[in-house]
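Have a look at the structure below, then the notes.
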Amino acid sequence: MATAGASDGFAPNRTPFKPLIAAADGSNFTYVSLHDRVPHILTDVVNDLFAAVERCTGSAGATAEGKALTGELSRLKHEMVTNKPLTPIEDDGAEDIAVWNGWLAAYFPGATWYSAPFLAWEPYMYRRIAALFRRSQHWAGHDFFAARKEATFRASMAAVAKLCARTEALAAQTAGDAAGPALRQVAFAELLQASLWGNQTDLSMFPDLTSDALEAMQARILSGANSAKIVVNDTDRVWQIVSRIKRGRIDIVLDNAGFELLQDVLLAHWLVAAGIAAKVVFHPKRVPWYVSDVTTRDFHWLVDAVRDPSLAGAAGPLPPADAAALGRLGARWAELLADGTWELRDELFWTGPYGYRYLPTEGRDAWEGALLKADVVLFKGDLNYRKLVYDLEWPVSTPFADALGPLSGADAPAIVAVRTAKCDTIVGVDAARAAALFAQQKDWVCSGQYGVIQLSPGRWAVQEDAE
Ligand SMILES: O=P(O)(O)OC[C@H]1O[C@](O)(CO)[C@@H](O)[C@@H]1O
């Protein structure tokens, strides 16, 4: 098996700064995750499956298999809480199993849950859960998180409808030649910021978001009250690039389903309406991931739910103008998907073991097959950020592009990380600013209350310099 060492001396188990390790440092966020938060998620998976098995009116085989699966999931939880070694993932027929197991054997032989880095054991757990389901005959297509993802979105349909109406209006104001660049910049900044704060609605951290909370969040974005919480805000630099693109290509490496996905889709809607993008490629996950991550099915579900909220079981009538905007946008998105303007590519790399600095070597399908063809790639959310910068104890002021390593080369697309900070890793922050924030709130970097919009201009640096 080829080992993934990079020319800069970096390897998955040999890093220039310490990776975040669970047990070593006592009560940090990693430890709390492994000790409390993630075992609860596993318990929820077991309980959800148990309830689904109880409801199951299918064959006796499905019931028996479902019960056996709950047993296997409970065993997985036992391995975790009793700090057993990370064992090979059982073969579920997907090509990435060999990649996962080769990576474990090469870089973390004998590692246990508490000795493996955070970025190793946590994705490993979600892939093991997925493998257990995918190996079953009757439960292979069951997304144990689907009900929760859909319920949150359904419950926030009033906020969803308002946002659709607003984006439709923004697109109408800024699409034509008559719209000045300043207006377009403001629209872009608003939608990018909405996409950022949409990342707060992640069910693995904040399971209880209500429609009112979502509307309050939108109000804070519009009033500018949230801007101070964007610790690094490269929006203007991103706009310098985006505003030069005419009918280009934007890729979005998605994070959470539901409300965050809606914000990403609204941004994509505007990019197409404004003539900036002739193609938007979305990258969802192939298997259920980190509770609320978008799968291909979730994407289509959202488009259908916006096109006809009654199909999604949304309660109560909406104001007629908002309802009409919903229907129009949903129908438009279905068209964009059908004619290939929007494309979904759920490469297995996103649920694999490697950090994104290994995209050029271990993720060619995603890198050469997709991202390199883009003008700009947006990486949404906390986990994508951790995988981009490799989840280390970086000095906070390390430039973002330096932390990206091979992804920031002169042939690369512009890379934009759009993330609310929900773990200890962060780069590109002025050291004095970070110190002031730590003095104010010890856990600011894990709290989900602060965000970053960070740019590595890649091949666009040349054009920026040329101006
Ligand atoms: O949905 P996001 O933004 O990727 O967040 C995923 C969550 O998982 C973690 O990466 C670890 O559980 C957190 O840091 C974060 O809260």
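For this chain, numbers begin at 1 and follow the sequence in order. Counting starts at 1 for both ligands and their atoms, in listed order. Hydrogens, waters and symmetry mates are skipped; everything else that's a heavy atom, side chains included, is used.
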Do any N or O atoms from the side chain of Thr295 and from the backbone of Asp298 form a donor-acceptor pair under 3.5 angstrom? yes

Considering only NZ, NE, NH1 and NH2 on the basic side and carboxylate oxygens on the acidic side, decide whether Asp92 and Arg127 come within less than 4.0 Å. yes

Is it the case that ligand 1 has an N or O less than 3.5 angstrom from some N or O of Asp293? no

Going by side chain to side chain donor-acceptor pair (under 3.5 Å), name the residues that satisfy it together with Ser227, two or more places apart in sequence or in a different chain. none

Under 4.0 Å, counting heavy atoms only: does Phe29 come that close to any atom of ligand 1? yes

Applying a heavy-atom cut-off of 4.0 Å, say which part of Asp382 lies close to ligand 1: side chain, backbone, both or neither. both

For ligand 1, note which part of Arg419 has a heavy atom under 4.0 Å away: side chain, backbone, both or neither. neither

The atoms of ligand 1 lying under 4.0 Å from a heavy atom of Leu383, numbered in the order shown, are 2 (P), 4 (O)

Hey, is the main chain of Ile41 close enough, under 3.5 Å, to the side chain of Lys77 for a donor-acceptor pair? no

Could you tell me whether ligand 1 has any atom less than 4.0 Å away from a heavy atom of Lys380? no

Heavy-atom proximity to atom 9 (C) of ligand 1 ranks first, among Glu260, Arg386, Lys422, for Arg386

What distance separates Asp48 CG from Thr43 OG1, expressed to the nearest 0.5 Å? 10.5 Å

Give the numbers and elements of all ligand 1 atoms closer than 4.0 Å to a heavy atom of Gly381. 3 (O)

Which of the numbered atoms in ligand 1 are under 4.0 angstrom from any heavy atom belonging to Arg37? 11 (C), 12 (O)

Ligand 1 atoms nearer than 4.0 angstrom to some heavy atom of Cys423 are 14 (O)

Per-atom contacts, ligand 1 versus Asn256 - under 4.0 Å to a heavy atom: 1 (O)

Set of residues satisfying side chain to side chain contact (heavy atoms under 4.5 Å, CB included) with respect to Ala189, sequence neighbours excluded: Thr235

Judged by atom type as modelled, is there a donor-acceptor pair below 3.5 Å linking the side chain of Asn384 to the main-chain atoms of Leu254? yes

